[in-house]
Number of protein chains: 2
Amino acid sequence: MRQKEKVTIYDISKKLNISAATVSRALNDSNRVSLKTKELVLKTAKALNYQQNTLALALKSGRTFNVGVVVPYINHTFFASVIRGIEEELEPKGYHVIICQSHENVENEAKQIKTLLNTHIDGIFISVSKSTEDIKHIEEVCEEGVPLIFFDRKKDISGVSSVTINDYEGAFAATEHLIKQGYKKIAHIGGDPKLQIYKHRYDGYIAALKAYNIPIDKNRILEVSSTVEAGITAVQDLLDKKIEFDAFFSASDYVALGGMRELRSRGLKIPEDVGVVGFSNEPFTKYLERPLTTVGQTPVLMGQIAAQVFLEQIKDNNKSVRVEKKVVLMPELYERETSLKKGSID
Amino acid sequence: MRQKEKVTIYDISKKLNISAATVSRALNDSNRVSLKTKELVLKTAKALNYQQNTLALALKSGRTFNVGVVVPYINHTFFASVIRGIEEELEPKGYHVIICQSHENVENEAKQIKTLLNTHIDGIFISVSKSTEDIKHIEEVCEEGVPLIFFDRKKDISGVSSVTINDYEGAFAATEHLIKQGYKKIAHIGGDPKLQIYKHRYDGYIAALKAYNIPIDKNRILEVSSTVEAGITAVQDLLDKKIEFDAFFSASDYVALGGMRELRSRGLKIPEDVGVVGFSNEPFTKYLERPLTTVGQTPVLMGQIAAQVFLEQIKDNNKSVRVEKKVVLMPELYERETSLKKGSID
DNA sequence: TATTTTCGTGCAATCGATTGTATTTGTTTC
DNA sequence: GAAACAAATACAATCGATTGCACGAAAATA
């Protein structure tokens, strides 16, 4: 099973007894080639099953039609969906998406970006890791003149575009919803505020309490990582320390899931004794025995928009104008059973 | 913000007043270059921050250090995890993974493969779409001499390696478990048998019933797609047609989830009235209010092994020997509450 | 000392496509 | 029929790295 010979423009040029330059121009529909040769070239190209060598093209033009996407983990539904959105938008334009995982680690992130730059991608989409504080590696991308677009988890760099969710509004709506359902002592189980998304969700929670003149109790506010286990521990903590709460708003569906598990094992009823709202609208939330109220994020749309911003940017790039574009998507609250005190929906 | 000039071997050669050929040889540690020049080149290369142009290298050598992965959907946990496994194994060796989705559609699949071949990847990993019957586009990959590796969903092509799960054994174990729990009328909600995985799961189910001398009732066997909605409909069907069953083994966790939802809404208790076993060990199954018994597949491991098979293959390729390697992983049954009649575990 | 061998380098072709600058061919005009 | 012009095509350099071959100088051998 030996490698099939690739057909090049030289094969076509030899066959037709013309120069390769003419073949190239004919294939690119240049107006400097006669209609007759053009047709002839196109016909034999098809007959020989000619395929343009993208490597040669990339070497010459500097454009590879590859873009890189850096996410913490690809097997998290949210990120996988964003990637899908990017791909759906870019694939019809001939782009390929190269995916990298940072595993929530800055060093990995920096390394991935470095090798991406070395592969001559045409652009980079990134959602930074939790441990990313030093952003030298990201600034380097800009210095090299490679278009960079943040999505969801961003850093503030002037001149860099981003597509994010309005986490503040999402958290506000979630908390407000709990208040309107009659809950008074609402806890917040959030994430590391070094990430803007968690800071904003915290801010939204606080703002909603203030808006309804509900006193803020710091004891009811926890910071944990986004896992089921962390949710279990968090609720254990609250209960063991005898901190009173009749509801909690979590910055993560996984944490909410763990929290609910712990509540049930202690004999507390949801939503009667404790109301629960999560964040992300993970696919499983809808199908739980008691479906979880949560904030939906439209990740596929986020990816699509990020891709559109990229396409605009490379168009603008030709005019050597760099426009900073900040798109903020509105989240949506899905009211389900875990927070509906007054009656149940099915 | 203008593009930073890339440093080439010519820049180094000019600076040191030697030829580019020598620089290239020095960088590749050829024994035809004196130690003195070698050190000099390496030093200035570092000083100028030289980065090898992978495109030029790829054009010359034909190797791109890119591999393609084609899956139905990347935002399915199973596939995302396999990809992660592939990436973890290949990334340290300098490879990049290009991901494509077929959206369960042959035409898409064929198109993706075509553009992958055109991008000169070094290998292709594929899990075929449900609609893939004609495999011309896959055979073409082999004809071009590009290494191809199937994972999970395979087709039989001689000379092509694959990494799969022993679906038969998984289904057998699941069914046997239900039998041992005392269930007698076990239904099977499977998938399209055109895909080997579903055929094997069906076979395992049948074999287990036969092994325990339990009569097979065709009415209890359904074929549906792998969605929550299909699971709801399937159980509705069984109940509406008054087909008796005291348990069901589903080829998909999502279908099981939908089925359980329907059972509950009809007032049937799990596992007392109906036992349920799913397939895949999706992350949510463990954390359901009543955790789902299911068959686990180790997708990350599958990806890692697929990558290892690929690496072996390209080594062998140099000796122009093509070895067909078929790796079959053993699945594991996770016994949880939905099937444990005798007592509950926590 | 003359000749061979070894070692280090440079030259130039190559991978395949593109493109600015000739050059050829054919057509128009006076 | 000669000059002027336009159209169609060819030539050759380029993108950056690799590599077979050739060349010169130094070292080893006769």
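The chains referred to below are lettered A, B, ... by the order of the sequence lines, with proteins before strands, and numbering in each begins at 1.
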Under 3.5 Å, is there a donor-acceptor pair linking the side chains of B/T164 and B/S162? no
Side-chain (B/S131) to main-chain (B/V106) donor-acceptor, under 3.5 angstrom: yes
For the rings on A/F78 and A/F151, is their centre-to-centre separation under 6.0 Å? no
Heavy atoms within less than 4.0 Å of DNA chain C: which residues of residues 19-30 of chain A have one? Give them sorted by number. A/A21, A/S24, A/R25, A/N28
Measuring centre to centre across the rings, with the benzene-like ring taken for any Trp, is B/Y73 within less than 6.0 Å of B/F79? no
Treating A/T44 as the side-chain partner and A/A47 as the backbone partner, does any N or O pair qualify as donor plus acceptor under 3.5 Å? no
At a heavy-atom distance below 4.0 Å, what parts of residues 51-60 of chain A sit against DNA chain C? A/Q51, A/Q52, A/N53, A/A56, A/L57, A/K60
Nearest whole angstrom, please: distance from the C1' of C/dT25 to the CD1 of A/I18. 16 Å
Kindly say whether A/E107 contributes a backbone atom to a donor-acceptor pair with the side chain of A/N105 at under 3.5 angstrom? yes
Would you please name every residue forming a salt bridge (charged side-chain N to carboxylate O under 4.0 Å, His left out) with A/R153, sequence neighbours left out? A/E104
Has the side chain of A/D122 got a donor or acceptor atom that lies under 3.5 Å from a matching backbone atom of A/T64? yes
B/Y95 and B/F310 aromatic ring geometry - parallel, tilted or perpendicular at 30°/60° bounds: perpendicular
Could you tell me the separation between the CG atom of B/N17 and the P atom of C/dT9, rounded to a whole number of Å? 13 Å
Between A/Y50 and B/R32, who's closer to the 5' end of DNA chain C by nearest nucleotide? B/R32
Using a 4.0 Å heavy-atom cut-off, does A/S61 contact any base of the nucleic acid, only the sugar-phosphate backbone, or nothing at all? nothing
Determine whether the side chains of B/Q313 and B/S161 contain a donor N or O and an acceptor N or O closer than 3.5 Å. yes
Could you check how far OH of B/Y10 sits from C1' of C/dC11, rounded to whole Å? 11 Å
Are B/K326 and B/E324 close enough, and set up right, to give a salt bridge (charged side-chain N to carboxylate O under 4.0 Å, His left out), and what steps lead you there? CA-CA 7 Å; B/K326 308 247 178 229; B/E324 177 181 324; 3.4 Å; yes
Anything under 4.0 Å to a heavy atom of chain B counts; send over the first and last such nucleotide of DNA chain D, read 5' to 3'. D/dG16 to D/dA22
Angle between the end axes of the helix from C/dT1-D/dA30 to C/dC30-D/dG1, five pairs per end, to the nearest 10 degrees? 60°
With sequence neighbours excluded, residues passing salt bridge (charged side-chain N to carboxylate O under 4.0 Å, His left out) with B/E88: B/R84
Side chains of A/N118 and B/Q52, donor plus acceptor under 3.5 Å: no
